[in-house]
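Inspection log for the structure reproduced underneath, given as structure tokens.
All heavy atoms count here, side chains included; hydrogens, waters and symmetry mates do not. Just so it is clear, the structure is predicted and the values come from calculations on it, not from any experiment.
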Amino acid sequence: MATLREIKGRLVSIQSTRKITSAMKMVSSSKLHKAQSVLRNMFPYAKALQSIMDSLVSGEFGSPLSEQRKLQKVAIIVFASDNALCGTFNANIIRELEKTMAAFSDRKVETTLYTIGKKVYDFAHREGLSVSRNYLKLSGASGYDPLAALAEELIGLFEKREIDRVDLIYHRFKSVGKQYLVCEPFLPLASFAEEREMTPPATDYIFEPDRTALTAALIPQTLKLQLYTALLHSNASEHAIRMVAMQTATDNADELIDDLTLVYNKSRQQAITSELLDIVGGTIQER
């Protein structure tokens with residue numbers, strides 16, 4: 001049986017851990033609130049821009065970025081986190097990445113990765129996977145510029161036929177308790193439209209300047225926004241999962257503290273009783 005000193009030491013350790021998990025929960029809650037606010041504010045703009053883009057490439061009108069090709073090389077953009085202690089967030093991403101890579105490998109398709117987050121990069125490095133570029137510490141508005149540059153790079157590679165498809169793997173944020181792991185096409189555009197199963201918009205637009213000029217300007221902008229939106233969803237999901245994980249850890253610490261306190265009090269009572277019996281027994285022997 002553990003001594004009083006050992007039990008006391010475990011109590012102090014668990015209490016210190018509880019303070020950390022409780023603080024991390026509050027920090028994640030604050031970051032989640034900010035991420036949700038950014039998503040809500042951007043949604044009307046993203047929806048309107050996507051509707052206009054759908055009208056531009058609908059029907060007989062297309063775009064070079066809509067070309068469907070035989071897959072020879074695919075780029076995969078994976079969104080994970082830089083830090084741990086976020087439950088199954090990174091494990092789910094890595095599991096989905098392994099499944100996607102295996103599917104392309106069976107089809108003899110060459111793959112290259114663009115990793116957002118240290119955890120998925122470390123996994124890819126350990127497994128010897130091809131990583132074209134890794135991005136760290138992307139969060140909030142500060143993450144738009146590098147992702148916009150990445151979108152431009154991928155558009156250029158697709159137009160040069162150096163890659164035939166681009167996929168995104170990330171968590172889509174629904175609510176604090178619901179985040180969906182998705183693997184969705186980024187390029188070509190036609191596969192993205194089919195994935196969303198959207199019908200042509202009913203609005204009859206008058207284009208000024210002409211449709212070709214608008215398509216050349218708006219489609220890259222929409223793709224940049226799509227990539228940035230995936231980052232925001234991933235960040236919000238990370239904060240939500242970490243907040244829940246830290247709340248669970250705090251609750252578990254509270255239970256352990258209660259149990260150890262009970263054990264400590266019982267052990268202390270037993271020690272006091274044993275000392276009293278020794279005193280009483282010594283007094284009787286002296287008589």
**Q.** For the student: nearest non-hydrogen atoms of C86 and S81, plus distance
**A.** SG-OG, 3.8 Å
Q. Honestly curious: do L157 and V109 fall in one hydrophobic cluster under the side-chain, below-4.5 Å linking rule?
A. no
Q | Verdict with reasoning, M42 to L225, per side chain to side chain contact (heavy atoms under 4.5 Å, CB included) | A | CA-CA 10 Å; M42 190 183 66; L225 186 63; 3.6 Å; yes
Q. So, T100 side chain and E96 main chain: donor-acceptor pair closer than 3.5 Å or not?
A. yes
Q.
Hydrophobic clusters here meaning ILVMFWY residues chained together by side-chain heavy-atom distances under 4.5 Å, can you tell me if F186 and L218 are in one?
A. yes
Q) Is it true that atom CE of M26 has more than 12 heavy atoms of other residues, nucleotides or ligands lying nearer than 6.0 Å? A) no
(Q) Nearest 0.5 angstrom please: H125 NE2 to K118 NZ, how far? (A) 10.5 Å
Q: Grab the two heavy atoms, one from K119 and one from N83, that are nearest each other, plus how far apart they are.
A: CE-C, 3.7 Å
Q) What's the shortest heavy-atom distance between P220 and A217, and which atoms? A) CD-O, 3.7 Å
Q: Would you please test Y121 and V78 for side chain to side chain contact (heavy atoms under 4.5 Å, CB included) and show each step?
A: CA-CA 9 Å; Y121 174 77; V78 193; over 6 Å; no
Q: Determine yes or no for a side-chain-to-main-chain donor-acceptor pair under 3.5 angstrom, with S28 supplying the side chain and K25 the backbone.
A: no
**Q.** Approximate separation, where rounding is to 0.5 Å, of Y228 OH and L150 CG
**A.** 15.0 Å
Q: Check the hydrophobic clustering (I, L, V, M, F, W, Y; side-chain heavy atoms under 4.5 Å; chains of links allowed) and say if Y45 and L147 are grouped together.
A: yes
(Q) Looking at A80, is its backbone amide N or carbonyl O close enough to the side chain of N90 to form a donor-acceptor pair, meaning the two atoms are under 3.5 Å apart? (A) no
**Q.** CD1 on I77 to CG on L154, rounded to 0.5 Å
**A.** 5.0 Å
Q. H171 and F89: ring pair (Phe, Tyr, Trp, His ring centres under 6.0 Å), yes or no, with the steps?
A. CA-CA 8 Å; H171 282 88; F89 180 81; 4.6 Å; yes
Q. Looking only at atom types and distance, does a side-chain atom of T248 sit under 3.5 Å from a main-chain N or O of V244, one as donor and one as acceptor?
A. yes
Q: Give the intermediate values and the outcome of side chain to side chain contact (heavy atoms under 4.5 Å, CB included) for residues E184 and Q226.
A: CA-CA 11 Å; E184 67 180 24; Q226 182 188 350; 3.4 Å; yes
(Q) Using a 3.5 Å distance criterion without hydrogens, assess whether the side chain of T3 forms a donor-acceptor pair with backbone atoms of E6. (A) yes
(Q) Using a 3.5 Å distance criterion without hydrogens, assess whether the side chain of H233 forms a donor-acceptor pair with backbone atoms of F173. (A) yes
Q. Regarding K224 and the six-membered ring of Y144, is the cationic atom NZ or CZ under 6.0 Å from the ring centre and inside 45° of its axis?
A. no
Q) So V120 and L97, side chain to side chain contact (heavy atoms under 4.5 Å, CB included) or not? Walk me through it. A) CA-CA 9 Å; V120 69; L97 175 61; 3.9 Å; yes
Q: Measure from the side-chain N and O atoms of Q179 to the backbone N and O of S175, and report whether any donor-acceptor pair falls under 3.5 Å.
A: yes
Q.
Could you tell me if the side chain of F43 sits less than 4.5 Å from the side chain of L39, heavy atoms only?
A. no
Q | Under 3.5 Å donor-acceptor, T115 side chain and G117 backbone | A | no
Q.
Please check: side-chain N/O of D164 versus main-chain N/O of R69, any donor-acceptor pairing under 3.5 Å?
A. no
Q: Output yes when E238 and K31 qualify as a salt bridge under the 4.0 Å nitrogen-oxygen rule, no when they do not.
A: no
Q. What is the minimum heavy-atom distance between A253 and R18, and which atoms define it?
A. CB-CB, 3.8 Å
Q) Quick one: are F123 and E98 in side-chain contact, heavy atoms under 4.5 Å? A) yes
Q) Would a 4.5 Å heavy-atom cut-off, applied to side chains only, mark K73 and T111 as touching? A) no
(Q) Ignoring hydrogens and geometry beyond distance, is a side-chain donor-acceptor pair present between R268 and N265 at under 3.5 Å? (A) no
Q: State the CG-CG distance between L256 and L11, to the nearest 0.5 angstrom.
A: 9.5 Å
Q) Under a 4.5 Å side-chain heavy-atom rule over Ile, Leu, Val, Met, Phe, Trp and Tyr, are Y170 and F104 clustered together? A) no
Q. Could you state the interatomic distance from CD1 (I93) to CZ (F79), rounded to the nearest 0.5 Å?
A. 9.5 Å
Q: Mind checking the CG-CG spacing from D167 to L187? Nearest 0.5 Å is all I need.
A: 9.5 Å
Q. Donor-acceptor pair, T261 side chain versus I257 backbone, under 3.5 Å?
A. yes
Q. Between L227 and I116, is there a shared hydrophobic cluster once you connect ILVMFWY residues whose side-chain heavy atoms come closer than 4.5 Å?
A. yes
Q. How about V166 and V74: do any of their side-chain heavy atoms sit closer than 4.5 Å?
A. no
(Q) If you define the side chain from C-beta out and look only at heavy atoms, does anything of F158 sit under 4.5 Å from L65? (A) yes
Q) Do you know which two heavy atoms are closest between S267 and L4, and how far apart they sit? A) CB-CD2, 3.6 Å
Q. Are S22 and T250 linked by a side-chain donor-acceptor pair shorter than 3.5 Å?
A. no
Q: List the atom of M101, the atom of I76, and the distance in Å for their closest heavy-atom pair.
A: SD-CD1, 3.8 Å
Q: Using a 4.5 Å cut-off on heavy atoms from C-beta on, say whether the side chain of E67 contacts that of P188.
A: no
